[in-house]
S.K.: 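The structure's right below; bear with me while I get my questions together.
All values below come from the heavy atoms of this structure, side chains included, with hydrogens, waters and symmetry mates left out. Source: prediction; values computed, not measured.
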Amino acid sequence: MVPMPSYRPKQLSLGPLEAEILEIIWQLGSATTKDVHERILADPDRELAYASVTTVLRRLTQKGWLTCDRQDRAFRWQPLLSQEQARMLQAHDQLKRFLAVGNPDIIAAFADSLDQASLEQIDAIAQRLQAIREAREEHSTTPRY
C-alpha cells in the first residue's frame, strides 16, 4: 500500500484546463510549454493560445502541483506528485469534508444506501486498515538493540 504523501500542494482544487494540462505532464513525465501546447492542439477541434498554456502551467506551479526548471531556452515542467499520490490526497480531502458533516445519522443513512459492491469495498478497506494497525503495533513493540 502506498503511504500518504508527505508533500501536499497549496491548493488541491483544479479547473478543467489545469487538470487536463496536469494529466499531459503526468503522461509525458516532464514537458516544455511547447510539448503541452502541441498535445492540446493535436485535437483538431481545439484551439488554445500558447500564452494560455504558459499561464496555466505557472498557475499549477503556484498551486504547488508542478516545478519548473529552465533548460537551454525552454522551461521544463515536472509534477511534484505522482498521479496516484494526487488521487490519494484528493480522496482523503473529500473524505475529510464528508466526515466533517459531523452528524452520524447522515453518514449512517449514506452508508445504508450503498450497494453490495460498495459495502464489500468498505469491508476490504476495513481489513487493510486493521492489518496496517496490527503491523504498526507489532513494529512498535519489537525490541530494538
S.K.: Does S118 use its side chain to pair, donor to acceptor, with the backbone of L114 at less than 3.5 Å?
M.R.: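 No.
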
S.K.: Quick one: does I24's side chain get under 4.5 Å of D35's, heavy atoms only?
M.R.: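 Of all side-chain heavy-atom pairs linking D35 with I24, none is under 4.5 Å.
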
S.K.: Is the backbone of T61 close enough, under 3.5 Å, to the side chain of K10 for a donor and an acceptor to pair up by distance?
M.R.: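 Not at all, since once roles are kept as given, no pair shorter than 3.5 Å links the two residues.
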
S.K.: Any donor-acceptor pair under 3.5 Å linking the side-chain atoms of Q11 with those of Q62?
M.R.: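 Looking only at side-chain atoms, Q11 and Q62 do not form any donor-acceptor pair under 3.5 Å.
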
S.K.: Quick one: are L66 and L22 in side-chain contact, heavy atoms under 4.5 Å?
M.R.: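 They are in side-chain contact.
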
S.K.: Contact between H37 and T32 at the side-chain level, heavy atoms closer than 4.5 Å - yes or no?
M.R.: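 H37 vs T32: side chains apart.
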
S.K.: Side-chain contact test, heavy atoms from C-beta onward, threshold under 4.5 Å: evaluate it for V56 versus V36 and give yes or no.
M.R.: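 V56 vs V36: side chains apart.
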
S.K.: Assigning hydrophobic clusters by single linkage (Ile, Leu, Val, Met, Phe, Trp, Tyr; side-chain heavy-atom cutoff under 4.5 Å), is L99 placed with I122?
M.R.: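 Same cluster: L99 reaches I122 through Ile, Leu, Val, Met, Phe, Trp or Tyr contacts under 4.5 Å.
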
S.K.: Does CZ belonging to R58 count more than 12 external heavy atoms closer than 6.0 Å?
M.R.: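 Counting other residues, nucleotides and ligands, CZ of R58 stays at 12 neighbours or fewer.
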
S.K.: Is it the case that over 12 heavy atoms from other parts of the model lie below 6.0 angstrom from the CD atom of Q27?
M.R.: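 Yes, CD of Q27 has more than 12 neighbouring heavy atoms, counting only those of other groups under 6.0 Å.
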
S.K.: Before giving the answer on side chain to side chain contact (heavy atoms under 4.5 Å, CB included), spell out for L17 and L48 the whole-Å C-alpha distance, their side-chain angles and the decisive distance to 0.1 Å.
M.R.: CA-CA 10 Å; L17 185 56; L48 186 65; 4.0 Å; yes

S.K.: Cluster question for you: counting only ILVMFWY and a side-chain heavy-atom cut-off of under 4.5 Å, with indirect links fine, are I125 and I132 together?
M.R.: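 Each belongs to a different hydrophobic cluster.
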
S.K.: Charged N to carboxylate O below 4.0 Å: is that the case for K34 and E38?
M.R.: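 Looking at K34 and E38, the cut-off is met.
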
S.K.: Out of curiosity, does L129 fall in the hydrophobic cluster containing M4 (side-chain heavy atoms, cut-off under 4.5 Å, transitive links)?
M.R.: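 Each belongs to a different hydrophobic cluster.
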
S.K.: Salt bridge or not for R46 and E20, using N-O below 4.0 Å?
M.R.: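 So R46 pairs with E20 through a salt bridge.
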
S.K.: Quick one: are W65 and E18 in side-chain contact, heavy atoms under 4.5 Å?
M.R.: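 Answer no - side chains too far apart.
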
S.K.: Any luck finding a side-chain donor-acceptor pair between E134 and Q130 under 3.5 Å?
M.R.: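 Judged by distance alone, the side chains do pair up.
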
S.K.: Output every pair passing ring-ring contact (aromatic ring centres under 6.0 Å, His included) with a member in residues 66-108, not counting sequence neighbours, ordered by first then second residue.
M.R.: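 Passing the test, one end in residues 66-108: F98-F110.
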
S.K.: Return the minimal non-hydrogen interatomic distance between G64 and Y7, and the atom names on each side.
M.R.: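 Smallest heavy-atom distance, with atoms named: O-OH, 2.6 Å.
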
S.K.: Does the side chain of L14 reach to within under 4.5 Å of the side chain of L60, using non-hydrogen atoms?
M.R.: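 Answer yes - side chains close enough.
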
S.K.: Going by heavy atoms in the side chains, are C68 and L57 under 4.5 Å from each other?
M.R.: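 The answer is no, as the side chains (C-beta and beyond) never meet within the 4.5 Å cut-off.
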
S.K.: Any side-chain heavy atom of R39 sitting closer than 4.5 Å to one from L28?
M.R.: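 In short, these two side chains touch, coming nearer than 4.5 Å.
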
S.K.: Kindly write out the residues that satisfy side-chain contact (heavy atoms from CB on, under 4.5 Å) with Q78, not counting sequence neighbours, or none if the list is empty.
M.R.: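 Expected list: S30, T67, D69.
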
S.K.: How would you list all residue pairs meeting salt bridge (Lys or Arg N to Asp or Glu O under 4.0 Å) that involve residues 96-120, not counting sequence neighbours?
M.R.: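 Counting only pairs at least two positions apart or across chains, the salt bridge (Lys or Arg N to Asp or Glu O under 4.0 Å) contacts touching residues 96-120 are D93-R97.
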
S.K.: Go through it in stages, so that I can follow the logic: the residues are Q83 and E23, the test is side chain to side chain contact (heavy atoms under 4.5 Å, CB included), and I'd like the CA-CA distance, side-chain angles, deciding distance and then a yes or no.
M.R.: CA-CA 8 Å; Q83 195 169 14; E23 180 72 34; 2.8 Å; yes

S.K.: Taking all non-hydrogen atoms of both residues, which atom of Q85 and which atom of P5 are closest, and how far apart?
M.R.: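 Heavy atoms only, the tightest pair is CB-CG, 3.8 Å.
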
S.K.: Quick check: closest heavy atoms across P79 and G29, and the distance to 0.1 Å?
M.R.: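 So the two residues come closest at CD-O, 3.2 Å.
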
S.K.: State the CD-CG distance between Q90 and L95, to the nearest 0.5 angstrom.
M.R.: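 Those atoms lie 14.0 Å apart.
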
